[in-house]
Amino acid sequence: MTETTTLLDTIRTPQDLRDLTADELTALAGEIRDEIIQIVSERGGHLSPNLGVVELTIALHRVFDSPQDVLLWDTGHQTYVHKLLTGRRDAFATLRRPGGLSGFPSQEESEHDWIENSHASTALSYAHGMAEAFESSDAARRVVAIVGDGALTGGLAYEGLANIGARGLPVVAVLNDNGRSYAPTVSRLSVVEAETSNCRPLIRARERHAAGPSANPSGFFGALGWAYLGPVDGHDLTTVEQTLRAAAQMSEPVVVHVVTKKGRGHVAAERDEEKRMHDVAPPSSSPPSDPRPETYTRVFSSALIDAAARDSRVHVITAAMPGSVGLLEFERRFPARMHDVGLAEQHAVTAAVGMAWAGLRPVVAVFSTFLMRAFDQINLDAGLHGAPVVFAVDRAGITGSDGPSHHGLWDLALLTKVPGLTVFAPSSGSELRQMLGFALTLDGPTVIRYPKGTVPSQDIDPAPTGRSARRVRAGEDVCLLAVGRMLGPAAEAADLLRTDGVATTVWDLRCVAPLDPTAIADARSYPLVAVVEDGLAVGGVASAVAAALSGTTAPLHIGVPCAYQPQGETDVLLADLGLDARGIAARVRGALDRTNRGAHAVR
Ligand SMILES: Cc1ncc(C[n+]2csc(CCOP(=O)(O)OP(=O)(O)O)c2C)c(N)n1
Ligand SMILES: CC(=O)[C@@H](O)[C@H](O)COP(=O)(O)O
Ligand SMILES: [Mg+2]
């Protein structure tokens, strides 16, 4: 029996949308929501951002001729509808799986996709560049940037707005204003626009959309050289389409301000006060355990609350991810000391230096991958001034299904090059807790980097406090220097090596900048040293150890190649990279064999 053919089944390319009636479009929107809710519920992913842009995406693909016209999705987590309408409906069930559809746009997947990374606030910069090129070649191609209200709190977005406005390039910027990042969006430009242009709060301007769009030369966008259409109801497909068609005819930069509801059509999402079910974890394969397994993020959250209870100078800054980095309870306990600066990591770092200068003890809680855009601020605002800022760098190392733009692989290689920056890598929850308490006593900048996921069920050889590394087991053939969560696999690899008769010492480095002289002095006495890190193999901790051991044995670099790593299950990705016990042991055996062959060759 043939399965019932749905309208969605009939959409193979965006052109198939053109002939649908208004009723069919409404029915299609319902099918799309059902599909997204089903697949995300089964696999995890970004739920509410996508439910909020169903009508908008349909209208965009009816008005503009992708890929001749360019649709640039900022941050890209809200492109599931776009993927369903551009020939990927059959593959949609592979979303975020190894080898499956990416959770973000992917040029490899489709000619309709452009911006692959999920790092926010970039679309208008890409749009500026493409519009300049089309202008110079008289190419009749429209450039459309779809930017969330959260993404519009990132500084790079303003740089794009200013440049496009100054050049008067015919870019259409669709402001998808659902009032939220994860939490309610701070410093919402859309409110500024509504108030400035109409001296009315956005909520009253929402009533205005019924009167239809009107070009508005005044207001914030007008000051930057943009026309402004809206705000319009982003779920009223007819109005959105009309407004986009009006914008498509304009020969100047124009903002189309659509007001959408994050999670539209899914009651649980609409009621989720924390984050409107922005992202949903895949259902756990194991039965819920009580208590919940402890994660590094939850340990950080608890340790920070304890530190803040002891010291009123402790403040914390997040860049629009309070829940993801574990600050919700802190915010409930110390609302005046929790600062959400929006999608603005560079601002977060330098504001923290300002706080430190004025006598506070600021902590910046941020994903490793997103912190990288603030390297200059860490280096020359925090590092150069030796400011006592603590960076709680979450999601360090391989992170899993979000793929190459989310793995936190560059922090060790970059942050260990900042003079005076202390870098800790805890291997357990107790170490993380100790390190945070200790970092808040230091008079210079400190990084504590830790991975996504649960802490080891038991510490390997609980360590004394302080900065020192610690030796887990004594031996004399091989010295493994483990970084952070790599202590577990390194200790297991040591057990495997010992069954081969290879005496192996394992160090839990704990502090990777500056390196612990005790561990380095010990490592000098071994014929073979290996550094195991879930960061870049070249330029990271292993390179620092090689410099420290210079003149003696050059260490094995057991880490991640300098390449973009795919999406997948974290443990599988780590094993594929040789960062599990078997892989580490195999690398060491190989080095020993080469050493032994070399010794035989010399005789
Ligand atoms: C530079 C950067 N920092 C943090 C994030 C994590 N992040 C992903 S989506 C999101 C919220 C985006 O809000 P908005 O642009 O309004 O899009 P919405 O989800 O509301 O559609 C954040 C903070 C990111 N993608 N990029
Ligand atoms: C798109 C984005 O950047 C975040 O939503 C990210 O997907 C969350 O990652 P975690 O699952 O690690 O919280
Ligand atoms: Mg938003």
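The residues of the chain are indexed from 1 along the displayed sequence. Counting convention: from 1, in listed order, for ligands and their atoms alike.
- In summary, of the residues considered (Phe104, Phe370, Phe367), a ring pair (Phe, Tyr, Trp, His ring centres under 6.0 Å) with His119 occurs for Phe370 alone.
- Of all protein atoms, those that are N, O or S and lie under 2.8 Å from the Mg ion (ligand 3) total 3.
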Starting from the N and O atoms of ligand 2, find every protein N or O within less than 3.5 Å and list the pair with its distance.
residue: ligand 2; atom: 3 (O); partner: His406; partner atom: NE2; Å: 2.6
residue: ligand 2; atom: 5 (O); partner: His46; partner atom: NE2; Å: 2.9
residue: ligand 2; atom: 5 (O); partner: Tyr182; partner atom: OH; Å: 2.5
residue: ligand 2; atom: 5 (O); partner: His278; partner atom: NE2; Å: 3.2
residue: ligand 2; atom: 7 (O); partner: His46; partner atom: NE2; Å: 3.0
residue: ligand 2; atom: 7 (O); partner: Asp402; partner atom: OD1; Å: 3.3
residue: ligand 2; atom: 7 (O); partner: Asp402; partner atom: OD2; Å: 2.7
residue: ligand 2; atom: 9 (O); partner: Asp402; partner atom: OD2; Å: 3.3
residue: ligand 2; atom: 11 (O); partner: Lys452; partner atom: NZ; Å: 3.0
residue: ligand 2; atom: 12 (O); partner: Arg395; partner atom: NE; Å: 2.8
residue: ligand 2; atom: 12 (O); partner: Arg395; partner atom: NH2; Å: 3.4
residue: ligand 2; atom: 12 (O); partner: Lys452; partner atom: NZ; Å: 3.1
residue: ligand 2; atom: 13 (O); partner: Arg395; partner atom: NH2; Å: 2.7

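- Between His339 and His315, the angle of the ring planes stays under 30°, which puts this pair in the parallel group of the 30/60° scheme.
- At a threshold of 4.5 Å between non-hydrogen side-chain atoms, the residues Arg88 and Asp113 count as touching.
- No more than 12 heavy-atom neighbours from other residues, nucleotides or ligands sit within 6.0 angstrom of NZ on Lys261.
- Among Thr570, Ile398, Val560, the single residue meeting the side chain to side chain contact (heavy atoms under 4.5 Å, CB included) criterion with His407 is Ile398.
- Within a 6.0 Å radius of CZ in Arg97, other residues, nucleotides and ligands contribute 12 heavy atoms or fewer.
- In this structure, the side chains of Leu85 and Pro14 stay at 4.5 Å or more apart for every pair of heavy atoms.
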Given the rule in the salt bridge (charged side-chain N to carboxylate O under 4.0 Å, His left out) test, do Arg89 and Glu35 qualify, once you have shown the distances and angles that lead to the verdict? CA-CA 9 Å; Arg89 187 252 188 285; Glu35 178 84 357; 2.9 Å; yes
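- Screening Asp177, Asn176, Asp149 for a side-chain hydrogen bond (donor to acceptor under 3.5 Å, both in side chains) with His257, the sole residue that qualifies is Asp177.
- Considering only heavy atoms from C-beta on, Asp394 stays 4.5 Å or farther from Tyr296 through its side chain.
- Partner of Val144 under the side chain to side chain contact (heavy atoms under 4.5 Å, CB included) criterion, chosen from Val171, Leu72, Val174, Leu244: Val174.
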As a test of reading the model: which N/O atoms of the protein lie under 3.5 Å from N/O atoms of ligand 1, and at what distance?
residue: ligand 1; atom: 3 (N); partner: Glu345; partner atom: OE2; Å: 2.7
residue: ligand 1; atom: 15 (O); partner: Ala151; partner atom: N; Å: 2.8
residue: ligand 1; atom: 16 (O); partner: Asp149; partner atom: N; Å: 3.4
residue: ligand 1; atom: 16 (O); partner: Asp149; partner atom: OD1; Å: 3.0
residue: ligand 1; atom: 16 (O); partner: Gly150; partner atom: N; Å: 2.7
residue: ligand 1; atom: 16 (O); partner: Arg180; partner atom: O; Å: 2.9
residue: ligand 1; atom: 19 (O); partner: His77; partner atom: NE2; Å: 2.7
residue: ligand 1; atom: 19 (O); partner: Lys262; partner atom: NZ; Å: 2.8
residue: ligand 1; atom: 20 (O); partner: Asn178; partner atom: OD1; Å: 3.1
residue: ligand 1; atom: 20 (O); partner: Asn178; partner atom: ND2; Å: 2.9
residue: ligand 1; atom: 20 (O); partner: Arg180; partner atom: O; Å: 2.9
residue: ligand 1; atom: 20 (O); partner: Lys262; partner atom: NZ; Å: 3.0
residue: ligand 1; atom: 21 (O); partner: Asn178; partner atom: ND2; Å: 3.4
residue: ligand 1; atom: 25 (N); partner: Ser118; partner atom: O; Å: 2.6
residue: ligand 1; atom: 26 (N); partner: Ala120; partner atom: N; Å: 3.0

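- Asp402 pairs with exactly one of Arg96, His77, Arg395 by the side-chain hydrogen bond (donor to acceptor under 3.5 Å, both in side chains) rule, that one being Arg96.
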Show me the side-chain donor-acceptor pairs of residues 316-330 shorter than 3.5 Å, one per line, residues at least two apart or across chains.
residue: Thr318; atom: OG1; partner: Met321; partner atom: N; Å: 3.1
residue: Glu329; atom: OE1; partner: Arg332; partner atom: NE; Å: 3.0
residue: Glu329; atom: OE1; partner: Arg332; partner atom: NH2; Å: 3.4

